[in-house]
Structure formats: structure tokens, C-alpha cells
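Reviewing the structure listed below.
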Amino acid sequence: MATQTVDIAPAVSKFIARTHQLLIGGRWVAPKAGKAFDVFNPATGDVLARCADGQKEDVDAAVAAARKAFESGPWPAMTVSERGKLVWKLADLLEAHLEEFAQLESLDNGKPVAVARVADVPLSVDLLRYMAGWATKIEGDTIPISVPYAPGEKFLAYTLREPVGVVGQIIPWNFPLLMAAWKLGPALAAGCTIVLKPAEQTPLSALRLGDLVCEAGFPDGVVNVVTGFGETAGAPLAAHPGVDKVAFTGSTEVGKLIVKAAAGNLKKVSLELGGKSPNIVYADADLETAIPGAASAIFFNHGQCCCAGSRLFVEKGVFDKVVDGVAAAAKKIKLGPGLNLDTDMGPLVSSEQFERVTGFLDAGRKEGAKAVCGGGSPGGKGYFVQPTVLVDTRPEMKVVREEIFGPVVAAIPFSDPEQLVRDANNTNYGLAAAVWTRDVSKAHRVAAAIRAGTVWINCFNIFDAALPFGGYKESGWGREMGHEVLKNYTEHKAVCVRL
Ligand code: NAP
Ligand code: MG
């Protein structure tokens, strides 16, 4: 059967070809230094678009616009209901352009368009709607107080949750649109104003979202988008004295740089960083769901997930069966351009990421790990890497310790249940984990013992706008999603009145 390829919508071609600028103060403007950089189609390695290479002076202008919008003009005067309606309208517009965003995401990031249609775009819409609902529900408390040194006096004390102010948001390339939605939604619901810096590899959906922000009717300067590189646009945003809070998703390494940059004015920081998530399959699991579950835990989004189940711990009695099953699933995965409808897995996002992941595979081989399937690139154009299952690993190997961020899983047998928990927790990361078993008590016991922000039981990669997500240890600070994320974007003020 001939491969069916999605015809690129005229609106998508037109958007990609336009002269991309920066969204500052409600207008698309050229970067002050007039520089641009190439954005690549990872399925071919060809240039897809050119985007504005924002520099410190552009970040300064965007922060000034965000400050102005935060302090004066319509945004701070709006009712919370009006604010919520705007966020809901953005969700409606995004939904109306679902196919366009799915195609953009596929072209820019490499992921299958079929996946972007059912995951990236709908999840972004849903998140925005969930956060739109919170705009009217961000409440303080009334608190009975005693004040022992003021006998006989009466006080009324209450708290207010106020927007934290101007927020810098720096996002990665693995889910470009969804990460923009995760960041914008709660910050807007809380009443903040924003400077968003998308990843240099995948700026297109954030730019198109900028169009929709304008169309939705957000006041000028509430959302600003500055494209550019981490060192020249991200770093000045993280260090900016006019920014009250920085929210970052990306590598732990850059997360530490963000913390240092934020120290200048002690801006608030939230971080969603890397992971090396343990995925634990017990012999008493329903292997019919655990095996495909373990495959999808690592191969979804080409392994470019911060929570990817990259350390697969399998109880000894079923180790061979599970490894063979995951390897069989890996071999069935069809690699191809994201726009082909029969593609299961697209290319990695960039040539750097391709080098990085194949470098890990080489290191694993040198240290004695064995690839049961895959193990490298299939060759040809584009940044494709075969889904790979490694065995014969040791805990100190690079492939077991470090985040690979590619379709590579290390399968590790276990027998002693207590040692298993120690091994699962033997990582600097603590983002997510999963347990597959039919034993309810064991499932909850292990869930409690794992030091990670999310534990899935008999499932993996289940996300919902209402469920907080974030990391223990070096996987981050704070939580995304749920009402918990609103804490990232609000200050808590105590007001005390003598009656
Ligand atoms: P990264 O450098 O951490 O990129 C994330 C974001 O931070 C991008 O917008 C990036 O901009 C920006 N950035 C880079 N250096 C910065 C700096 N000094 N100050 C402020 N912002 C800065 O991640 P990457 O290099 O794209 O990927 C490297 C590895 O990070 C991956 O292999 C993976 O292990 C991990 N990663 C994790 C996640 C996650 O969700 N946890 C996501 C992506 C990557 P530019 O892209 O424009 O440089
Ligand atoms: Mg790209």
C-alpha cells in the first residue's frame, strides 16, 4: 500500500514562509539587530523557516512591554471573569486551528502529525480551558488570629492571592505547543504578564500562538514572544531585573544556570527538568498490557519526554519475556517523516540531538551494553534513530545514569524487592515512575517508596490538566498543572485590620 502523506494546508505554508518577527507590546516587530536564524525540518535536514534572532535589547523591550501591561492599561483593570474568558477564547481559537497546529508541530519537531492531532493540540486546548476556569477561583483565606501581646484587641485577618508580576517563560522543543500552553495558561489565569522564549529548534507553533493571542483580544503586552537562542535570549530573560518570576522547562544543566541567573534580583523560580524514570514490571503483572505499556513509555515522542520510562526494571522470572516483547514492539515501529500517516516514529528534533543520542549508544556499546534491537541510525536523510532496547547494563554506565532523551531503554533484571526500590531511587532525578503489578498492596507500597513527583500504576504517560506534575530532587522545583501550578504565579499577601 502506498504511503499516504498529509498535504500541507495552504495556511501552514503561508505562515511558515512569512518573515517571522517578535511579538512585543501587541505588535510583530523586527529584532533590533536585524539577525535571523534557520529552523530545520528534522525529517530532511532542510531549512524550514527563518526566525528572528532576539537579543538582550529585544528581551529588554519585551520585558518593558510586559511591565507596562502589568501595571497599567486594561489587563490589571479587568475582572477575573473577563480574564478567564480571554483564556477560554484562546483555547477556542487553538481548537479551531487544530489541523494547522498539528502540521506545524510535525514539520518543526518531527513528531507524527497523527499524534499531534490527538495529543499535543487537544491537550493544549484542554489545559487552557482548565486554567480559564481557575481565573475566577484563585482565593485567599480568612484566618482567625490571637495576637497574645495585644490582649482584648480584635483583628480581622485575611489573605489575597495576587499575580506575581512579569514572568519569563523558557520552554523546550519536545512538546513545543503544549509547553507553551502549560506555561501561558496558569500565568494568564493568575493575571501575570509574560515574555515567552520558545526553543530555537521549534519556535513556529509559539509564534502562530502569538497570532491567536492577538486575535483573542488580550491587551497589548500581556503576552510577548521572543525567539532566539538560550545563551543570547534565554539567559538575559532569566537574569532580567524587571522580571519577577522565571518558569523553565528543559535540561537540569540549564535549570541550574537559571537558578544562578535568577539570584541577581531573587526572582521566583520554577523548574521542570530532566528524568531517568524507573518503569517497574513485576512477574505478577498483566504482561499483555505491561509489555506494550513499557514500549510506549520509552518510545512515545521518540523518547524525547522528560518522564520517559528509560530504566525498565523487570522481575527475573519474566525478564526475557518482557524484553523480547518490548524489542518485538520496537521492531514493528515504522520510522518516517511526521507527515506520513503510516509513520509511528519521526526523526529526533535536531542534528545535535541525533549526535547526542547516537553518542550514548556508542558509549553504551563500549561499556559492554548489548542492543537487543535497534542500536543506531537507519542511515539516509533526516535525524532518525532506531528504537533500541539495551541489556547487560551496569548501574554505573552512562546509559543507565544519564538522561538520553531518545528512544533508548535500559532493561534491568531484579529479584530482591528492597534492592529494587534502592536501585529505582538510585538517580539524581525524581520526575516519574511506574509500577506494573496485579498486587494492589505492593503497588501502593512501591508508589510510596519511590522518590518521584508522579507514579503511574499499570499505566504510563497519563497526563491531565488537573493533575500536578513535577520533580523531586534534580528534576525540578514546583509543579506544573493542577491548581498547584497557580502557586508558581501568585504571591500570597496577608492583610490584618485592627477592628
Ligand atoms: P535546554 O538547553 O535545557 O533547552 C531548554 C530551553 O532553555 C530552550 O528554550 C533553550 O534555548 C533555553 N536555554 C538554553 N540555555 C539557556 C541559558 N543559558 N539560559 C536561559 N535559557 C537557556 O535543552 P536542549 O539543549 O534543547 O536539550 C538538551 C537536553 O536537555 C536533552 O537532550 C534532554 O536531556 C534535556 N531536555 C529535557 C527536557 C525536559 O522537558 N525535561 C526538554 C528538553 C531537553 P535554545 O533551545 O534556543 O538554546
Ligand atoms: Mg525544527
Side-chain angles (χ1 to χ4, degrees), residues 37-40 42 51-56 59 108-109 168-176 178-180 182-183 195-206 225-240 243 246-264 267 269-277 300-308 310 348-360 383 385 398-399 401-408 427-432 453-454 461 463 469-471 473-477 480:
F37 64 93
D38 289 331
V39 175
F40 298 92
C51 284
D53 188 358
Q55 306 288 314
K56 181 178 180 302
V59 170
D108 202 5
N109 164 282
Q169 301 185 320
I170 301 172
I171 55 172
W173 43 257
N174 53 344
F175 294 90
L178 186 61
M179 292 302 102
W182 278 24
K183 292 282 183 277
V195 178
L196 176 73
K197 204 227 51 94
E200 115 235 351
Q201 297 85 350
T202 56
L204 295 177
S205 54
V225 182
V226 176
T227 50
F229 292 89
E231 295 75 14
T232 41
L237 182 59
H240 207 291
V243 171
V246 60
F248 171 79
T249 298
S251 60
T252 291
E253 189 190 348
V254 174
K256 291 178 183 178
L257 296 177
I258 300 284
V259 169
K260 286 195 188 130
K267 58 175 66 66
V269 178
S270 54
L271 305 166
E272 202 263 274
L273 307 174
K276 192 74 183 175
S277 299
F300 177 66
N301 212 42
H302 326 169
Q304 301 170 135
C305 293
C306 44
C307 54
S310 50
L348 299 188
V349 73
S350 64
S351 59
E352 293 77 22
Q353 201 58 23
F354 175 85
E355 296 299 335
R356 185 183 151 91
V357 173
T358 50
F360 269 108
Y383 314 135
V385 171
K398 234 169 106 74
V399 288
R401 300 213 65 80
E402 294 181 31
E403 181 175 50
I404 299 176
F405 229 62
V408 182
T427 166
N428 293 338
Y429 296 113
L431 193 57
T454 294
N461 277 336
F463 286 95
F469 179 77
K473 300 196 264 183
E474 293 187 28
S475 289
W477 289 352
E480 305 278 333

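Read the numbers this way: they start at 1 and go in the same order the structure lists the ligands and their atoms.
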Taking atom types as modelled, is there a side-chain donor on Glu253 or Ser251 under 3.5 Å from an acceptor on the other?
no
Between Ala235, Cys306, Gly476, flag the one that comes closest to atom 39 (C) of ligand 1 by a heavy atom.
Cys306
Which residue owns the protein heavy atom closest to atom 2 (O) of ligand 1, what's the atom, and how far is it?
Val254 CG2, 3.4 Å
Indicate whether the side chain of Lys473 and that of Thr427 have a donor and an acceptor atom separated by less than 3.5 Å.
no
Check whether any side-chain heavy atom of Phe248 lies under 4.5 Å from a side-chain heavy atom of Trp477, and answer yes or no.
no
Measure the distance from atom 11 (O) of ligand 1 to every protein heavy atom, then report the residue, atom name and distance (to 0.1 Å) of the closest one.
Lys197 NZ, 3.0 Å
For ligand 1 and Gln201, I'd like to know whether there is a polar contact (N/O to N/O, distance under 3.5 Å).
yes
To check you understand the geometry: which heavy-atom pair defines the closest contact between Val195 and Leu237, and what is its length?
O-CD2, 3.7 Å
Contact check, Gly274 vs ligand 1, heavy-atom distance below 4.0 Å:
yes
Protein heavy atoms near atom 25 (O) of ligand 1, is at least one of them under 4.0 angstrom away?
no
Between Leu273 and ligand 1, which part of the residue brings a heavy atom under 4.0 Å of the ligand: side chain, backbone, both or neither?
backbone
Quick check against the 3.5 Å criterion: does Asp108 have a side-chain atom that pairs as donor or acceptor with the backbone of Leu204?
yes
Take every heavy atom of Phe175, measure it against each atom of ligand 1, and state whether any distance is under 4.0 Å.
no
Side chain, backbone, both or neither: which part of Ala199 has a heavy atom under 4.0 Å from ligand 1?
both
Between the candidates Ile170, Thr202, Thr249, which shows the shortest non-hydrogen contact distance to atom 5 (C) of ligand 1?
Thr249
Taking N or O atoms only and a 3.5 Å limit, does Glu231 qualify as a polar contact for ligand 1?
no
Whether Phe463 and Trp182 hold their rings parallel, tilted or perpendicular, with breakpoints at 30° and 60°:
tilted
With a 4.0 Å cut-off on heavy atoms, does Gln353 reach ligand 1?
yes
For atom 27 (O) of ligand 1, find the nearest protein heavy atom and state the residue, atom name and distance (0.1 Å precision).
Trp173 NE1, 3.7 Å
Around atom 9 (O) of ligand 1, find the nearest protein heavy atom and jot down its residue, atom name and distance.
Ile171 O, 2.8 Å
Answer yes or no for Gly275: is there a heavy-atom contact with ligand 1 below 4.0 Å?
no
